[in-house]
Amino acid sequence: MKHTIKRIVLDAAQKAYENGALLSDQVPEMEIEEPRHQSHGDFSTNFAMISAAIQKMPPRKIAESLISSIETLAETSGEIGSLIEKVEIAGPGFINFFLSNKAWYPVLDRILEQDKRYGASDMGKNEKVQVEFVSANPTGPLHVGHGRGAAVGDSVGNILSFAGFDVQKEFYINDSGRQIRTLGTSVWIRLLQKAGKEIKFPEDCYQGDYIMDLASEIHEKEGDRFFQKDEDEAIAHCAKFAAKKILKGIKEDLSDFGVTFDQWFSEQSLYDAGRVQKAIDDFKSKDLIYEKDGALWFRSQDFGDEKNRVVVRNNGLTTYFASDIAYHMEKYERGFDRVIDVWGADHHGYIKRIDASVVASGRKSEHFEVILVQLVNLLRRGKPFQMSKRAGDFVTLKNIVDEVGKDAARFMFLSRSYDSGLDFDLELAKQKNSNNPVYYVQYVHARITGILLKAKQENIIQDIDFNKGKNLYLLNAAEETNLIKILDAFKENVEKSAQTLHPHVIFTYLMSLASAFHSYYNKHKVITDDKELTLARLSLVLGVKKVIRNALTLLGVTAPERM
RNA sequence: GCGCCUGUAGCUCAGCUGGAUAGAGCAACGGACUUCUAAUCCGUAGGUCGCAGGUUCGAAUCCUGCCAGGCGUACCA
């Protein structure tokens with residue numbers, strides 16, 4: 001609808017210029033917005049105010065000319081005439097549009113016809129985008145922080161895809177390097193302890209109980225003869241076994257959390273294919289790498305980083321950064337125009353150096369984006385939980401999903417902008433009442449299903465799902481127009497969410513739609529003796545049901561038929 | 001010190017590509033179930049938008065400086 005209003009304003013401005021009522025045909029970037037107050041109409045534009053300088057006329061004078069031009073348009077075009085009830089000047093020069101009820105009815109037909117595609121946009125123009133998220137080391141189970149990143153990454157992927165981008169979701173497995181060796185050592189030492197050897201468990205090894213479980217599994221499988229093995233060989237075996245097992249667990253946990261990936265990308269595969277060395281050689285050939293103190297340094301400072309960074313240590317081993325350079329090069333070679341990484345806020349210092357490497361390898365800074373997800377503060381009844389990976393007693397994502405459920409967890413993670421830290425209260429997320437927003441929204445879907453089922457039982461409709469609105473002209477209550485207006489705004493919200501990469505836009509939208517529905521439900525009965533009106537209202541609530549489902553789907557939350 | 005994020009109602013937060021009287025949920029108080037699910041609704045109360053300047057016809061929103069909190073600042077990942 002916003003686009004329609006904008007077109008009318010542009011047409012009217014052009015006409016006014018042709019008539020000499022406006023002095024210039026230049027149109028600055030104007031806003032069409034929904035005013036906060038009903039008395040300001042359905043839509044409002046600041047066209048007159050921002051045109052004042054160009055037109056060399058006072059804003060109210062411009063507004064008058066434009067309004068008279070719009071009125072002429074409305075008289076000559078039946079389509080526009082039936083849309084607009086009145087247009088007013090207000091305040092310093094706002095032009096306020098009041099639309100007729102009739103203007104809104106087509107929205108419902110569109111929803112029923114387009115169904116699961118309602119709200120989809122083509123703004124992405126099939127641009128290839130990669131969203132990489134979670135990417136946890138396979139050295140331990142996923143924790144709460146990963147959960148937030150997973151929910152954000154997965155939803156951003158869904159939203160971009162719905163907004164017309166060609167999206168690939170990827171998990172980068174850090175299955176190479178020191179942390180894997182440490183994992184192997186951790187398991188091996190636990191094994192030796194089991195065999196009765198008195199060894200103190202090193203502080204820099206992984207402390208969690210899951211390490212002992214892994215050791216037990218290996219012991220069961222391999223038997224006592226495993227202790228006779230050469231230590232290096234044994235550690236390598238433990239590392240491989242443990243990483244594989246942990247990765248399997250990570251996949252399961254994510255799947256239970258409703259998160260799926262198009263690709264799992266192994267860091268080790270970069271080494272196996274020689275791509276890390278190739279990346280280093282490439283930078284060397286461009287004189288972007290130099291040697292100092294026995295190590296190789298990348299000149300990231302030349303590209304805006306605070307200092308230069310080591311890619312090969314003086315012991316000859318490559319750093320994590322080196323494989324990351326190769327990884328990002330590889331992403332662009334796969335043809336992505338946009339690469340989006342979802343990281344925890346504690347990695348923010350890493351952005352500049354990756355950005356530097358992206359630019360150094362010939363891409364533009366705009367092609368690399370990072371979604372920085374602020375930390376999660378886990379609470380129980382307002383009291384903080386300690387999450388220390390070193391102590392090994394952290395709350396896992398699985399713990400949370402098991403305790404509060406997938407839907408509540410995802411909705412909670414996406415309820416706030418990821419720019420802010422998030423307080424996640426386990427007790428609150430478990431409550432099945434209005435403290436917990438997920439039920440507020442899901443309840444709408446279940447309630448409507450109940451209404452539709454009843455209508456079917458009473459033979460008012462043949463099917464609880466239909467694709468054409470009925471008697472829409474009977475929807476004249478203020479609450480009905482209001483609901484349709486919110487349904488109409490879904491696509492704009494999808495686009496805004498995709499543009500800003502902020503899934504909580506959809507959360508906020510869902511809350512306002514749910515609130516409008518619950519109000520309506522309490523004030524008006526859908527099924528009444530008036531068969532004609534009943535059909536109209538059934539069309540309306542079916543529209544609400546579909547939009548709730550579509551929006552929840554973007555957030556990875558299910559829309560239940562009953563609760 | 002430097003860098004990133006944040007500071008809006010008692011609490012948790014929307015609003016931030018500038019617009020008209022700053023919104024929601026929770027908590028508090030008062031109401032609404034013989035009805036399509038009360039996991040709901042209606043009403044009341046509650047705010048110098050961290051502080052100080054600046055830009056603008058107009059600032060919670062943009063700029064500068066300060067104050068406060070979180071995170072980071074490795075030849076770790």
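Residue numbering restarts at 1 for every chain, and letters A, B, ... go by the order of the sequence lines. Just so we're clear, the structure is a prediction, and the values are computed from it rather than from any experiment.
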Those residues of residues 501-525 of chain A lying under 4.0 Å from RNA chain B by at least one heavy atom: A/His504, A/Thr508, A/His518, A/Ser519, A/Tyr521, A/Asn522, A/His524, A/Lys525
I'd like to know if A/Asn46 reaches the base of B/A20 with its side chain such that a donor and an acceptor end up less than 3.5 angstrom apart. no
Between A/Tyr520 and A/Arg537, is there a side-chain heavy-atom distance shorter than 4.5 Å? yes
Please state the P separation for the pair B/C42 and B/U48 - nearest whole angstrom. 27 Å
What side-chain donor-acceptor pairs closer than 3.5 Å can you find for residues 504-517 of chain A, not counting sequence neighbours?
unit_1	atom_1	unit_2	atom_2	d
A/Thr508	OG1	A/His504	O	3.0
A/Tyr509	OH	A/Ile486	O	2.7
A/Ser512	OG	A/Tyr509	O	2.9

Residue whose closest nucleotide on RNA chain B lies nearer the 5' end, A/Ala446 versus A/His40: A/His40
Can you figure out which of B/G19, B/C4, B/C71 approaches the side chain of A/Leu372 most closely? B/C4
A/Arg537 vs B/C36: side-chain N/O to OP1/OP2 distance below 4.0 Å: no
A/Asn315 has an atom CG; how far is it from atom P of B/A74, in whole Å? 18 Å
Nearest non-hydrogen partners of A/Leu483 and A/Leu540, listed with the distance: CD1-CD2, 4.1 Å
C1' atom, B/C71 versus B/G15: distance in rounded Å? 25 Å
May I ask you to say what A/Gly177 touches in the nucleic acid, namely base, sugar-phosphate or nothing, with a heavy-atom cut-off under 4.0 Å? nothing
Tell me whether the centres of the aromatic rings in A/His40 and A/Phe94 are closer together than 6.0 Å. no
C1' spacing across the pair B/U21 / B/U17, given as an integer number of angstrom: 24 Å
How close or far is atom P of B/C71 from atom CH2 of A/Trp343, stated in whole angstroms? 20 Å
Look for any protein N or O under 3.5 Å of an N or O in nucleotides 6-13 of chain B and output each such pair with its distance, or none.
unit_1	atom_1	unit_2	atom_2	d
B/U12	O2'	A/Arg416	NH2	3.4
B/C13	OP1	A/Gly421	O	3.3
B/C13	O2'	A/Arg416	NH1	2.9

Under 4.0 Å between a side-chain nitrogen and a carboxylate oxygen: does that hold for A/Glu480 and A/Lys523? no
Any residue meeting side-chain contact (heavy atoms from CB on, under 4.5 Å) with A/Glu88, in chain and number order, not counting sequence neighbours: A/Lys86, A/Phe98
Could you give the distance separating B/G65 and B/C29 at their C1' atoms, to the nearest angstrom? 44 Å
What integer distance in Å separates A/Phe411:CZ from B/A14:P? 14 Å
B/G19 base stacked by A/Phe94? Criteria: ring centres under 5.5 Å, plane angle under 30°. no
Of A/Ser176 and A/Ile95, the one whose closest RNA chain B nucleotide lies more 5': A/Ile95
Do A/Val187 and A/Tyr206 touch side chain to side chain, with heavy atoms closer than 4.5 Å? no
Which of these nucleotides, B/C41, B/C36, B/C75, is closest to any side-chain atom of A/Val526? B/C36
So A/Tyr350, base contact, sugar-phosphate only, or nothing? Heavy-atom distance under 4.0 Å. base
Using a 4.5 Å cut-off on heavy atoms from C-beta on, say whether the side chain of A/Arg353 contacts that of A/Phe298. no
Can you find a pair of side-chain heavy atoms, one from A/Ile173 and one from A/Gln268, that are under 4.5 Å apart? no
Counting side-chain heavy atoms from C-beta on, which of B/C16, B/A20, B/C75 comes nearest to A/Asp293? B/C75
Which part of the nucleic acid, if any, lies within reach of A/Leu375 when heavy atoms closer than 4.0 Å are counted: base, sugar-phosphate only, or nothing? sugar-phosphate
Roughly, in whole Å, what's the span from CD in A/Glu34 to C1' in B/A22? 17 Å
Let's see if you can work this out: which of B/C5, B/A20, B/C36 has an atom nearest to the side-chain heavy atoms of A/Ala90? B/A20
Does B/A77 have OP1 or OP2 sitting under 4.0 Å from an N or O in the side chain of A/Tyr172? no
Strictly by modelled atom types, are A/Glu532 and A/Asn471 linked by a side-chain donor-acceptor pair under 3.5 Å? yes
Expressed in angstrom and rounded to an integer, what is the separation of A/Arg148 atom CZ from B/C5 atom C1'? 11 Å
Using the side-chain heavy atoms of A/Ser44, tell me which of these nucleotides is nearest: B/A77, B/A20, B/U21. B/A20
Using the side-chain heavy atoms of A/Arg36, tell me which of these nucleotides is nearest: B/C71, B/A20, B/C36. B/A20
Between A/Asn308 and A/Tyr290, do the side chains contain an N or O donor and an N or O acceptor separated by less than 3.5 Å? yes
To the side chain of A/Thr319, which of B/C76, B/U40, B/U21 is closest? B/C76
Give a yes/no verdict on base stacking between B/G72 and A/His347: centres under 5.5 Å, planes within less than 30° of parallel. no
If the C1' atom of B/U64 is compared with that of B/U55, how far apart are they to the nearest Å? 11 Å
Heavy atoms, side chains only, cut-off 4.5 Å: are A/Ile89 and A/Arg60 in contact? yes
Using the P atom as the point on both nucleotides, what is the distance between B/G53 and B/C16, in whole Å? 26 Å
Under 4.5 Å between any side-chain heavy atoms of A/Tyr418 and A/His502, yes or no? yes
Given the rule that a pair is Watson-Crick or G-U wobble with both distances under 3.5 Å, how would you write RNA chain B in dot-bracket, using | for pairs to a different strand? (((((((..((((.....[...)))).(((((.......))))).....(((((..]....))))))))))))....
A/Val27 versus A/Ser51: any side-chain heavy-atom pair under 4.5 Å? no
Can you tell if the side chain of A/Val370 reaches within under 4.5 Å of the side chain of A/Tyr350, non-hydrogen atoms only? no
When the distance from CD of A/Glu33 to P of B/C16 is rounded to whole Å, what number comes out? 11 Å
With respect to the side chain of A/Met49, which nucleotide from B/C36, B/G19, B/A20 is positioned closest? B/G19
Out of B/G23, B/C75, B/G19, which nucleotide sits closest to the side chain of A/Asn314? B/C75
B/U35 and B/G19: how far apart are their C1' atoms, nearest whole angstrom? 45 Å
Taking only the P atom of each, what is the distance from B/U73 to B/U56 in whole angstrom? 42 Å
Candidate list A/Glu267, A/Arg275, A/His328, test side-chain hydrogen bond (donor to acceptor under 3.5 Å, both in side chains), partner A/Ser323, passing option: A/Glu267
Between B/A77 and A/Arg313, is there an OP1 or OP2 to side-chain N/O distance shorter than 4.0 Å? yes
Quick one, which residues of residues 301-310 of chain A touch RNA chain B with a heavy atom under 4.0 Å? A/Lys307, A/Val310
Residue that, paired with A/Ser121, satisfies side-chain hydrogen bond (donor to acceptor under 3.5 Å, both in side chains) out of A/Glu495, A/Lys491, A/Glu492: A/Glu495
